[in-house]
Student: 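Pasting a structure below so you can have a look.
Worth knowing before you read on, the calculation uses all heavy atoms, side chains too, and leaves out hydrogens, waters and symmetry mates.
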Amino acid sequence: MSTVSGIGWDSHRLVEGRPLILGGVVIPFERGLAGHSDADVLAHAVVDALLGAAGLGDIGQHFPDTDERYRDADSLGLLRKVITLLTGHGFGVVHVDTTVIMERPKVGPHRDAIRAALAGALGVGPGQVNVKASTGEGMGFVGRGEGVAALAVATLTTE
Ligand code: MG
């Protein structure tokens, strides 16, 4: 058995009238993320990291934003579908590390809930998932509060 790793990146715009959902957790805030699905930027980065490690393409190939089935889709549900796909290909999740890059609100108070929610969808323990937070230090689209970005690295076992 050997291990493989993959990276994921995503960003979404912050707009009025949408919920802010990070890793399946609704974060109280006056704006939320725009997108075809629920726009869970963190779950999307994790999906791409998993697909990357498995060599199975990217989130847009599996869940096109032109497909009405995925309008306002629960992205943790998409994450569960990807885990089922990977399991079928003989992959197992060793660890997922993530960073949310957002000016505000603070991720800290929600970190444990996000970690638990991601771990549940991944089918692993919370010790196999890490959630870090960073800001844009006032620079760029993150710093101006125009959007949120997320990064993820997934490590998988392969047969
Ligand atoms: Mg996305």
Side-chain angles (χ1 to χ4, degrees), residues 4-67 70-83 93-122 124 126-156:
V4 290
S5 55
I7 63 166
W9 151 270
D10 196 25
S11 60
H12 280 265
R13 282 184 300 116
L14 272 170
V15 296
E16 308 273 343
R18 292 271 300 185
L20 176 56
I21 301 172
L22 293 175
V25 174
V26 180
I27 311 289
F29 192 52
E30 68 263 24
R31 291 182 296 156
L33 295 173
H36 182 69
S37 66
D38 66 2
D40 185 337
V41 65
L42 179 55
H44 293 181
V46 171
V47 164
D48 260 358
L50 293 167
L51 290 171
L56 291 171
D58 65 27
I59 189 169
Q61 289 176 264
H62 291 270
F63 310 108
D65 64 7
T66 51
D67 190 329
Y70 305 122
R71 180 173 295 282
D72 296 324
D74 168 11
S75 294
L76 280 197
L78 305 183
L79 188 50
R80 288 189 203 94
K81 283 186 201 288
V82 168
I83 290 298
V93 177
V94 177
H95 188 263
V96 172
D97 187 23
T98 67
T99 302
V100 179
I101 310 162
M102 182 169 73
E103 211 68 4
R104 69 185 184 93
K106 291 285 182 203
V107 174
H110 311 285
R111 189 194 305 262
D112 290 345
I114 294 169
R115 190 178 194 181
L118 284 176
L122 290 162
V124 300
Q128 290 166 268
V129 179
N130 193 55
V131 178
K132 307 187 301 300
S134 185
T135 72
E137 292 281 340
M139 299 178 288
F141 73 91
V142 170
R144 291 189 297 269
E146 294 170 4
V148 178
L151 293 160
V153 171
T155 305
L156 309 178

Student: Nearest 0.5 angstrom please: Leu20 CG to Met102 CE, how far?
Tutor: 5.5 Å

Student: Taking NZ in Lys132 as the centre, count heavy atoms belonging to other residues, nucleotides or ligands within less than 6.0 Å. Is the count above 12?
Tutor: yes

Student: Which atoms form the tightest heavy-atom contact between Ala39 and Ala34, and what is the distance?
Tutor: CB-O, 3.5 Å

Student: Can you see which heavy atom on Gly136 is nearest to which on Ile101, and at what distance?
Tutor: N-CG2, 4.5 Å

Student: Counting only heavy atoms not in Arg13, do more than 12 sit closer than 6.0 Å to its CZ atom?
Tutor: no

Student: Under the rule for side chain to side chain donor-acceptor pair (under 3.5 Å), what residues qualify as partners of Asn130, not counting sequence neighbours?
Tutor: Asp97

Student: Between Pro105 and Ile27, which heavy-atom pair has the shortest distance, and what is it?
Tutor: CG-CG2, 3.8 Å

Student: With Glu30, which residues qualify under salt bridge (charged side-chain N to carboxylate O under 4.0 Å, His left out), at least two apart?
Tutor: Arg104

Student: Going by side chain to side chain donor-acceptor pair (under 3.5 Å), name the residues that satisfy it together with Arg18, two or more places apart in sequence or in a different chain.
Tutor: Asp72

Student: Heavy atoms, side chains only, cut-off 4.5 Å: are Thr98 and Ile114 in contact?
Tutor: no

Student: Over all heavy atoms of both residues, which pair between Asp40 and Gly23 is shortest? Give the atoms and the distance, please.
Tutor: OD1-N, 2.8 Å

Student: What is the minimum heavy-atom distance between Arg111 and Val131, and which atoms define it?
Tutor: NH1-O, 2.6 Å

Student: Under 3.5 Å, sequence neighbours excluded: what are the donor-acceptor pairs made by side chains of residues 47-61?
Tutor:
| from | atom 1 | to | atom 2 | distance (Å) |
| --- | --- | --- | --- | --- |
| Asp48 | OD1 | Ile59 | N | 2.7 |
| Asp58 | OD1 | Gly60 | N | 3.1 |
| Asp58 | OD1 | Gln61 | N | 3.1 |
| Gln61 | OE1 | Asp58 | N | 3.0 |

Student: Search all heavy atoms of Val107 against all heavy atoms of Ala133 and return the closest pair with its distance.
Tutor: CB-CB, 3.7 Å

Student: Could you go through residues 139-156 and list every donor-acceptor pair under 3.5 Å that involves a side-chain atom there, pairing it with any protein atom two or more places apart or in another chain?
Tutor:
| from | atom 1 | to | atom 2 | distance (Å) |
| --- | --- | --- | --- | --- |
| Arg144 | NE | Glu146 | OE2 | 2.8 |

Student: Are any of the side-chain heavy atoms of Leu122 and Val96 separated by less than 4.5 Å?
Tutor: yes

Student: Atom CG of Leu78 and atom CD1 of Ile83: how far apart are they, to the nearest 0.5 Å?
Tutor: 12.0 Å

Student: Considering only residues two or more places apart or on different chains, which pairs with a residue in residues 15-48 satisfy ring pair (Phe, Tyr, Trp, His ring centres under 6.0 Å)?
Tutor: His12-His44

Student: Could you give me the CA-CA distance, side-chain angles and deciding distance for Leu42 and Asp10, then say whether side chain to side chain contact (heavy atoms under 4.5 Å, CB included) is met?
Tutor: CA-CA 7 Å; Leu42 179 55; Asp10 196 25; over 6 Å; no

Student: Under 3.5 Å, is there a donor-acceptor pair between the side chain of Glu103 and the main chain of Gly138?
Tutor: yes

Student: Do His95 and Ser5 have side chains that get closer than 4.5 Å, going by heavy atoms?
Tutor: no

